[in-house]
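Just so it is clear, the values below take in all heavy atoms, side chains as well, and ignore hydrogens, waters and symmetry mates. Position 1 is the first residue of the sequence; numbering continues from there.
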Amino acid sequence: MKRKFISILLAGTMLMSLTACGATGGDETTPAADSNNTGTTAAPETGAADSAEKADYHEILGDTGITIVVNGTVTTTLDNGQAEFKEQWEDAVGIPLTIQQMDHSGYTDAVGRLFASQDYPDAMIMSASMFKQYSPTGILWDMADAYDNADFQSRMILPEINKNLKDSEGRLYGFAPAYGNGCVTYVKQAWLDSVGMDINDIKTYDDYYAMLKAFHDGDPDGNGVNGDTYGVVAPGFIGTDAPYINYLPEFWQDAYPSILQGEDGVWYDGFQTEETKAALLRLRQGYVDGCIDPESLTAQTKTAREKWFSNNQTGSSGVFVYWAGSWYETLTDNFIKNDVDPNIVQLPPIAEVGAYINKEAPVWVIIDSGDPVRNQAVFDALFETMMDGDVVQTLWTYGAEDVHWSTHAEEFVTNPGTENEKSYSYGEGEFHLKPSPNDPNSVWKKNHIDPALTICELTNGYSSQTELAAAGNKFFTENSVDAPVSPVSETFTNETGTIYDAKLAVITKVVVEGGDIDEAMQGYVDTVGSIIDQCLAELNQ
């Protein structure tokens, strides 16, 4: 990695953020900052990008190559084929690649430490919310010209995804290779059968709540004990980044507990609304009635996932809200691996929810080296090849050839000797996914780019969506709307963590402790009211 001095203020901001992050680790979280910080390095005032004519990136990047920082959205990890992915990428692109993969749930904290040390990679993945926070800091390179003149524009099938990432001055600090996706409500069919319910009858919040209550009060896991299971488990009652409510949408309904823009164009604090108060009271009742697993207050995504499909279903829950599409298949596979009934059904949005939320896409960013020629070379080596429609895009989509996928004749069996045994047979030249390198009973699904969500088509004809993944993507696209636009404000950038902590204090006071909601809300105003007012002033000026 290279070192680049930005400012002592920025380094201090990132260090303070480590103490401001909440306890609930989402899949993607926002950077936070201490309330004593006052700002960050400003973005350039002009809309012109640091552009450079394309040159041979091999000559510019030389033997050093590029360094990237990634989270769990790159699924080729050290124990399941990352070395082969890296080797094949280097063979195809022609330069060295250094991959620094950080823990997914703790990614925001890790990035904060990285930036505080000023030891920057060439490029890295950011969640949409992280991207909004870091865009004004001056750290990221404006790739607008590089993007507009990219060779992959001729293969673009979803141009609006990145057009919408440009700011009002036309600057583009991030690149999304796919659209965002979102979460849907999954329900265990075996538990529905146990309590005598039909997913098609769950149409309103009352129906949904009755289902959760039945899952807690009855014996859906079949161990002979009532009341030792829960309705739903979630990685947090509120998310640390947009869209905030996606893990418990039925409870939040029309509330959106963040700063958002009204239909009149005016920004306001959605946390200080009657809709949010109503949502908190619903969460409180669910907590008291055992409809919500109490560990949801502090559970990280990995914890919640593994509890849901654990081979010991006592203490588990019947409902889990998680990512659509390929995760439909992944969750099912984990049930099979743990010898648990694998039949999962997707709940259509209840009337009070209306639609699930398609979140803003995570993005790749390039750290501004101060040299536009080098920045352009990083873009060409990483993003131009990532969207080449062929060899390298296949690596990012499916992983390494003959490790994660193959076109050679092959036969294999998963879960041999069990009721879930399944045989696979492929002829020479037939594209197919192979067993996962670290789990021979699970077929590999994808690497980084979901083939159903990509912005540029694969031109080699490789496609391997499973029936479940395809059904999941279809279900989500038919039942989702785009998330509200996230605010971009210097104060919001600096104080996100402080604001989140104040929200979590209200939720804990009301939902867990049963405290007075108006008193708790007043505490929120006393703690961060002036910060919220400053954010709104900046947004509405």
Problem set entry | Side-chain heavy atoms of Leu504 within contact of Leu297, under 4.5 Å | yes
Problem set entry | Separation of Leu539 CG from Thr491 OG1 (nearest 0.5 Å) | 9.0 Å
For this session: Classify the ring geometry between Tyr247 and Tyr322 as parallel (under 30°), tilted (30 to 60°) or perpendicular (over 60°).
Result: parallel
Exercise. Mind checking whether Tyr524 and Phe271 have parallel, tilted or perpendicular rings, split at 30° and 60°?
Worked result: tilted
Exercise. Would a 4.5 Å heavy-atom cut-off, applied to side chains only, mark Lys359 and Pro243 as touching?
Worked result: yes
Problem set entry | Ion pair Glu250/Arg282, N-O distance below 4.0 Å | no
Exercise. Under the side-chain contact (heavy atoms from CB on, under 4.5 Å) criterion, do Lys166 and Tyr173 qualify, and how do the steps go?
Worked result: CA-CA 7 Å; Lys166 291 185 176 181; Tyr173 294 112; over 6 Å; no
Problem set entry | Shortest non-hydrogen contact between Ala150 and Phe379, atoms and distance | CB-CE2, 4.0 Å
For this session: State, with a plain yes or no, whether a side-chain heavy atom of Pro249 is found less than 4.5 Å away from one of Val321.
Result: yes
Exercise. Does the Gln101 side chain pair with the main chain of Val69, one donor and one acceptor, at a distance under 3.5 Å?
Worked result: no
Exercise. Is there a donor-acceptor pair closer than 3.5 Å between any side-chain N or O of Glu90 and the backbone N or O of Leu97?
Worked result: yes
Problem set entry | Derivation and outcome, ring-ring contact (aromatic ring centres under 6.0 Å, His included), residues Phe237 and Phe251 | CA-CA 9 Å; Phe237 292 151; Phe251 286 91; 8.7 Å; no
Exercise. Do Glu495 and Val528 have side-chain heavy atoms sitting under 4.5 Å apart?
Worked result: no
For this session: Look at the aromatic rings of Phe320 and Trp308 and report parallel, tilted or perpendicular, splitting at 30° and 60°.
Result: tilted
Exercise. What's the spacing between Leu61 CG and Thr64 OG1 if we round to 0.5 Å?
Worked result: 6.0 Å
Exercise. Taking only residues two or more places apart in sequence, or in another chain, which ones meet Lys509 in a salt bridge (charged side-chain N to carboxylate O under 4.0 Å, His left out)?
Worked result: none
For this session: Taking Asp450 for its side chain and Gly325 for its backbone only, find out whether a donor-acceptor pair lies under 3.5 Å.
Result: no
Exercise. Relative to the ring of Tyr244, is the ring of Tyr256 parallel (under 30°), tilted (30 to 60°) or perpendicular (over 60°)?
Worked result: perpendicular
Exercise. Given side chains that start at C-beta, do those of Val93 and Tyr57 come closer than 4.5 Å, heavy atoms only?
Worked result: yes
For this session: Looking only at non-hydrogen atoms, find the nearest pair between Val391 and Ala92 and report the distance.
Result: CG1-CB, 4.0 Å
Exercise. Say you draw a straight line from CD1 of Ile259 to CD of Gln261; how long is it, rounded to the nearest 0.5 Å?
Worked result: 12.0 Å
Exercise. Taking it one step at a time, do Glu538 and Glu490 satisfy side-chain contact (heavy atoms from CB on, under 4.5 Å)?
Worked result: CA-CA 8 Å; Glu538 293 171 8; Glu490 184 176 6; 4.1 Å; yes
Problem set entry | Trace of the side-chain contact (heavy atoms from CB on, under 4.5 Å) decision for Trp364 with Met124 | CA-CA 6 Å; Trp364 285 85; Met124 65 183 299; 5.7 Å; no
Problem set entry | Presence of salt bridge, Asp518 and Lys277, under 4.0 angstrom | yes
Exercise. Hey, what do you get for CD1 (Ile507) to CD (Glu513), rounding to the nearest 0.5 Å?
Worked result: 12.5 Å
For this session: Please check if the side chain of Ser296 supplies one atom and the backbone of Asp293 the other of a donor-acceptor pair under 3.5 Å.
Result: yes
For this session: For Thr394 and Asp390, indicate whether the former's side chain and the latter's backbone hold a donor-acceptor pair under 3.5 Å.
Result: yes
Exercise. Under a 4.5 Å cut-off applied to non-hydrogen side-chain atoms, are Ile99 and Gln82 in contact?
Worked result: yes
For this session: Please determine, by modelled atom types, if Asn358 and Ser480 share a side-chain donor-acceptor pair under 3.5 angstrom.
Result: no
Problem set entry | Any donor-acceptor pair under 3.5 Å from Asp380 side chain to Glu384 backbone | no
Exercise. Is a side-chain N or O of Tyr356 found less than 3.5 angstrom from the main chain of Ala324, in a donor-acceptor match?
Worked result: no
Problem set entry | Chi angles and distances behind the side-chain contact (heavy atoms from CB on, under 4.5 Å) call for Asp91, Trp89 | CA-CA 5 Å; Asp91 288 344; Trp89 187 95; over 6 Å; no
Seminar exercise, completed: In terms of heavy-atom contacts, Phe85 and Leu395 come closest through CE1-O, 3.5 Å
Problem set entry | Rounded distance (nearest 0.5 Å) linking atom SG of Cys183 with atom CH2 of Trp327 | 10.5 Å
Problem set entry | Where Asn246 and Trp323 come nearest, the two heavy atoms and their spacing | ND2-CH2, 3.9 Å
Exercise. Is the side chain of Lys503 donor-acceptor paired with the backbone N or O of Pro257 at a distance under 3.5 Å, no angle test?
Worked result: yes
Problem set entry | Salt bridge flag under 4.0 Å for residues Arg374 and Asp122 | yes
For this session: Would you mind reporting whether Leu280 and Val506 have side-chain heavy atoms less than 4.5 Å apart?
Result: yes
Exercise. How many angstroms lie between CG in Leu382 and CD1 in Ile366, if you round to the nearest 0.5 Å?
Worked result: 7.0 Å
Exercise. Can you list the steps and then say if Asn375 with Asp368 is a side-chain hydrogen bond (donor to acceptor under 3.5 Å, both in side chains)?
Worked result: CA-CA 7 Å; Asn375 294 336; Asp368 189 357; 2.9 Å; yes
Exercise. Are Phe115 and Tyr134 close enough, and set up right, to give a ring-ring contact (aromatic ring centres under 6.0 Å, His included), and what steps lead you there?
Worked result: CA-CA 10 Å; Phe115 280 21; Tyr134 284 115; 5.0 Å; yes
Exercise. Between Pro121 and Ile68, is any pair of side-chain heavy atoms under 4.5 Å apart?
Worked result: no
For this session: Classify the ring geometry between His448 and Trp396 as parallel (under 30°), tilted (30 to 60°) or perpendicular (over 60°).
Result: perpendicular
Exercise. Are Thr67 and Gln100 close enough, and set up right, to give a side-chain hydrogen bond (donor to acceptor under 3.5 Å, both in side chains), and what steps lead you there?
Worked result: CA-CA 8 Å; Thr67 296; Gln100 184 173 349; over 6 Å; no
Problem set entry | Side-chain donor or acceptor of Gln534 paired with backbone N/O of Ile531 under 3.5 Å | no
Exercise. Looking only at atom types and distance, does a side-chain atom of Asn438 sit under 3.5 Å from a main-chain N or O of Asn80, one as donor and one as acceptor?
Worked result: no
Problem set entry | Heavy-atom pair with the smallest gap, counting every atom of Ala178 and Ile449 | CB-CG2, 4.4 Å
For this session: Any chance you could lay out the side-chain hydrogen bond (donor to acceptor under 3.5 Å, both in side chains) test for Ser369 and Asp371, step after step, and finish with the verdict?
Result: CA-CA 5 Å; Ser369 66; Asp371 180 355; 5.4 Å; no
Exercise. Closest heavy-atom contact between Ile95 and Ala381?
Worked result: CD1-CB, 3.7 Å
